[in-house]
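Each chain gets a letter, A, B and so on, in the order the sequences are listed, and its residues count up from 1. This is a predicted model, so every value here is computed, not measured.
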2 protein chains.
Amino acid sequence: MTVGIRDVARAAGVSTATVSRALGSGPVSEALREQVEAAVRATGYRPNLSARRLRSQSARTIGLIVADIRNPFFTAVSRAVEDAAFAEGMRVILCNTDEDPAREAMYLRLMEEERVTGVIFAPTGGGAESLRERSLGFPVVLIDRAGPPGAHDSVVLDNPAAGAGLVDLLVRQGFSRIGGLFGSTSSTARERRAGYEAAMVRHGLVPSVRTVAPNAAAAEAAAARWLAEADRPEALVLSNGLILMGAVRAARAAGLRVPDDLALAGFDNEPWTDLVEPGLTVVEQPVDEIGAQAMRLLFERIAQPDQPVRKVVLSGRTVLRGSTRRG
Amino acid sequence: MTVGIRDVARAAGVSTATVSRALGSGPVSEALREQVEAAVRATGYRPNLSARRLRSQSARTIGLIVADIRNPFFTAVSRAVEDAAFAEGMRVILCNTDEDPAREAMYLRLMEEERVTGVIFAPTGGGAESLRERSLGFPVVLIDRAGPPGAHDSVVLDNPAAGAGLVDLLVRQGFSRIGGLFGSTSSTARERRAGYEAAMVRHGLVPSVRTVAPNAAAAEAAAARWLAEADRPEALVLSNGLILMGAVRAARAAGLRVPDDLALAGFDNEPWTDLVEPGLTVVEQPVDEIGAQAMRLLFERIAQPDQPVRKVVLSGRTVLRGSTRRG
DNA sequence: AAGCGCACTGAAAACGTTTTCAGTGCGTCT
DNA sequence: AGACGCACTGAAAACGTTTTCAGTGCGCTT
C-alpha cells in the first residue's frame, strides 16, 4: 500500500541499506546517492518516523510542558525553544497542562512512552517535587518555576529581586499601604511573594498578602472583595499577567481610578498592558533568553549526563508606566 | 537496559502476547490480567509508543496546524480539539506555522512521516491550494480559513455576514466614511473584506480598503499612515484581533479619541478588548464549537473516507461596546 | 461418548527502518 | 607480486511491540 524503503530500493536498483545511508549519513557514492534521490522523488517516499525511531533508539524529540498555553509568556518561550530545536534537527512536542496536576502527570508519562530525548518543563503545584522521586528516562530542565534545589537544571527569573523591586518602586512613589496578590500554585509566586515581604519589612511596612488561583476570574473576585474592605490597600503587587488583568477589572468595577485611588504593578509585559489607560507598570521577563538558555542547558545535559546541576537566574526589566505614578 | 514487554512477561510468568492483550484489549483471564498489572507496577514498565505504532500501523494521533499560536483564537480552538481527542484516546501534535508557508510545508511533511490519523489545519496563504495537489496520507479538516471549495471538509465562520454586520452596525450609528483594514494572507480576511464591500455598496457608500500583514506592528504602521491623511476614515473595520490592536495603538498615537474621532470594530473577543477604554466592539467567534465541530468532521471522515465533502458555517456573535457608540 | 464451540494462551511472524557484518574491488605500499 | 587499507555495498539481524496462527482445556450438545 504505502511506499516503503524497499520500494525505493527496488526503483533505484540498490539495497535498502544503501537507501538508508543515502538519506541519512553514510558512505555512499555520489552516483548512487543521486539514483536514490531520484527514486525517492519518483515514488513519493516518506520515511516512517516510528520505524526510524524504534530502530535507531533515538527520538530526536524534546518535550515542552507548559502550565498555560494562553499565557503569552509561555507562547514566547515555546517559540524560542522550537527555533533552537529545529536548528539541531529536533522536533518539539508542545504540551499544555492548564495548571492541572493530573494532566501534568499524564503528559510526563506520555513523554516517557515517547522516549523523548529531553524535556523542558514548567511544573505546576507539586509537580516538581513529585518529579524528584521517579527517575524519568530523560533529562529535564525546569523553566519559570524551579523545583527543590539540586534535582534538575533550571532557568528562572530572579523572582525575589523582582518582587522586591516593585515594592521599592511603589515606596519611592510614596505608597505605603501596599498589598500583594499572589498565585497559589507556583513556586514562582512564592518567590515573588518572599521578595515582596522582605522589601516591605525592610521599609518598615507591614506586608499584607492574599493568594488566589492563577486565573483572571479568581483574581478579579479576590481583588474585588479586598478593595471593598474598609482598609483597602492603596497599591497592589500582582504576581502574574492573569492576576494583573483580574485586578484591573476589579478596580474598574469598583470605580477606582488608577493610580490615584489604587496603584497597580505586576509581572509580564503583555501586549495589552500598555493599551489600557493608564499603562501598567510591569516586570518584563527575558522570554527569548529563557527559552534559549533552557535549550542550551538541555543539550549540554544530554551531552554530559553527569555534569553538576546548574541553575541560571535571569533578571527582569522593570517597565515603568502610569499605573504607579503618584500625583 | 530499559524494561520491555518481555521483562514484564517474564516477571508475570506469561508470554509477551498475553501482556500485550492484558494491557490493550484482548481476551485474558482475570487472574492473569492482575498478574500482569502487578508485574507492570513492579518493573515500572512503559510501553514504547514507536514500537506500538509501527506494529499496529495506527498512530492514534491527530495533528493540529495553526497559523499563530499567540492568537487566542487558536489557543482556544486547540484546547477544544485536545479535549475531544483525549476523549477518544488520541494524542494531539500542536504545530505553529507563524504564517510562514515554509514552516507550514515542513509541518505537513512531518505529519506524513508521523503517519498521523488526521489533521486539523488552518492554512496560511496558498497553503490550502497547494494542499489539493498532493494527496496526503490522511484526512484533513480545514478550520478558520477554507481552501478551494470541494477539496476538504471545513468549519469556518460566516465571514461575509460578519464583515457586513459590522458595517451595518456602524451605518446605523451614523458613520459613513468607513474604512476597512484587512489581513493580506488569509482567505478569512478576504471573505470579511468581501462582506464589508458588499455592505458598503448596499448602503450606497464607497468602500475604502487596505491590506496589511496580519500582525500588530504592521497594522499599527498602516493605520497610522491612513489616519494621518486628510480624508481619513471616521470608522475602521479591522479583520482580526492583532490588526485591531494595531489600530488602537495608532489611534492613541495620533491622539484620536474613540469613538468620537474614530470608531473601531473588529474580530475576536479577546480578554483585553474590554479592558481598554472604551471597550471594543467585536465579532466573537464560537471557538469551542469550531474545535468540537472540526473534530467531529474529522472522526466522521476517518470512519467513512468516501463521504461527500462537508462545510460547516458558524455564525459569529456581535459584542457591542463603546468603540462604535456615536454621540 | 464423541464432537463441537468457546475462552484463553503461547510461539512466531510481522511492522519499516537502521545498523552490523561480511564481503567486494581497487589503489598503494613494501 | 603480494599484502594491506579504504571506500563502498548488500544480506541479514535487530529494535519492541501487536497480531496471526495454532493449539489447549473445558463445558455442552447430540
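- Nearest-nucleotide assignment on DNA chain C puts the 5′-proximal partner with B:Gly13, out of B:Gly13 and A:Pro47.
- The base of C:dT18 lies close enough to the side chain of A:Arg55 for a donor and an acceptor atom to sit less than 3.5 Å apart.
- Between A:Arg53 and B:Glu114 there is a salt bridge, since a side-chain N of the basic residue sits under 4.0 Å from a carboxylate O of the acidic one.
- One can place CG of B:Leu32 at 11 Å from C1' of C:dG10, the figure rounded to the nearest angstrom.
- The one candidate from A:Gln293, A:Arg310, A:Arg301 that meets the side-chain hydrogen bond (donor to acceptor under 3.5 Å, both in side chains) condition with A:Asp153 is A:Arg301.
- For B:Thr18 and C:dG10, the shortest distance from a side-chain N or O to OP1 or OP2 is below 4.0 Å.
- Here B:Thr16 does not reach the OP1 or OP2 of C:dA11: none of its side-chain N or O atoms lies under 4.0 Å away.
- Looking at B:Arg52 and B:Ser58, their side chains never come closer than 4.5 Å, going by heavy atoms from C-beta outward.
- Rounded to whole Å, the distance from CD1 on B:Ile5 to C1' on D:dC15 is 14 Å.
- The closest side-chain heavy-atom distance from A:Arg115 to B:Ser50 is not below 4.5 Å.
- The side chain of A:Ala51 approaches C:dG16 more closely than any other nucleotide in the set C:dG10, C:dC8, C:dG16.
- Residue-to-nucleotide proximity on DNA chain C shows that, of B:Arg115 and B:Pro27, the 5′-proximal contact is made by B:Pro27.
- A close approach under 4.0 Å does occur between a side-chain nitrogen or oxygen of A:Ser20 and OP1 or OP2 of C:dT18.
- One atom, CD of B:Glu34, and another, C1' of C:dC8, lie 16 Å apart when rounded to the nearest Å.
- If you find the closest nucleotide of DNA chain D to B:Leu54 and to B:Ala17, the one lying nearer the 5' end belongs to B:Leu54.
- For C:dG16, one of the phosphate oxygens OP1 or OP2 lies less than 4.0 angstrom from a side-chain nitrogen or oxygen of B:Gln57.
- Within the 4.5 Å cutoff, side-chain heavy atoms of B:Asp144 are placed close to those of B:Phe73.
- Whole-Å rounding puts the B:Leu23 CG to D:dT17 C1' distance at 11 Å.
- Taking atom CD on A:Glu30 and atom C1' on D:dA7, their separation rounds to 14 Å, with Å as the unit.
- No contact: A:Leu49 has no heavy atom under 4.0 Å from any strand.
- Side-chain nitrogen and oxygen atoms of A:Ser56 include none within less than 4.0 Å of the OP1 or OP2 phosphate oxygen of C:dT18.
- Put simply, CD on A:Glu114 is 14 Å from C1' on D:dG16, counting in whole angstrom units.
- B:Arg21 comes within 4.0 angstrom of a nucleotide base, judged by non-hydrogen atoms across all strands.
- Here C:dC15 presents its P atom at 20 Å from CD of B:Glu113, a figure rounded to the nearest Å.
- A straight line from CG of B:Asn48 to P of C:dC15 spans 18 Å, rounded to a whole angstrom.
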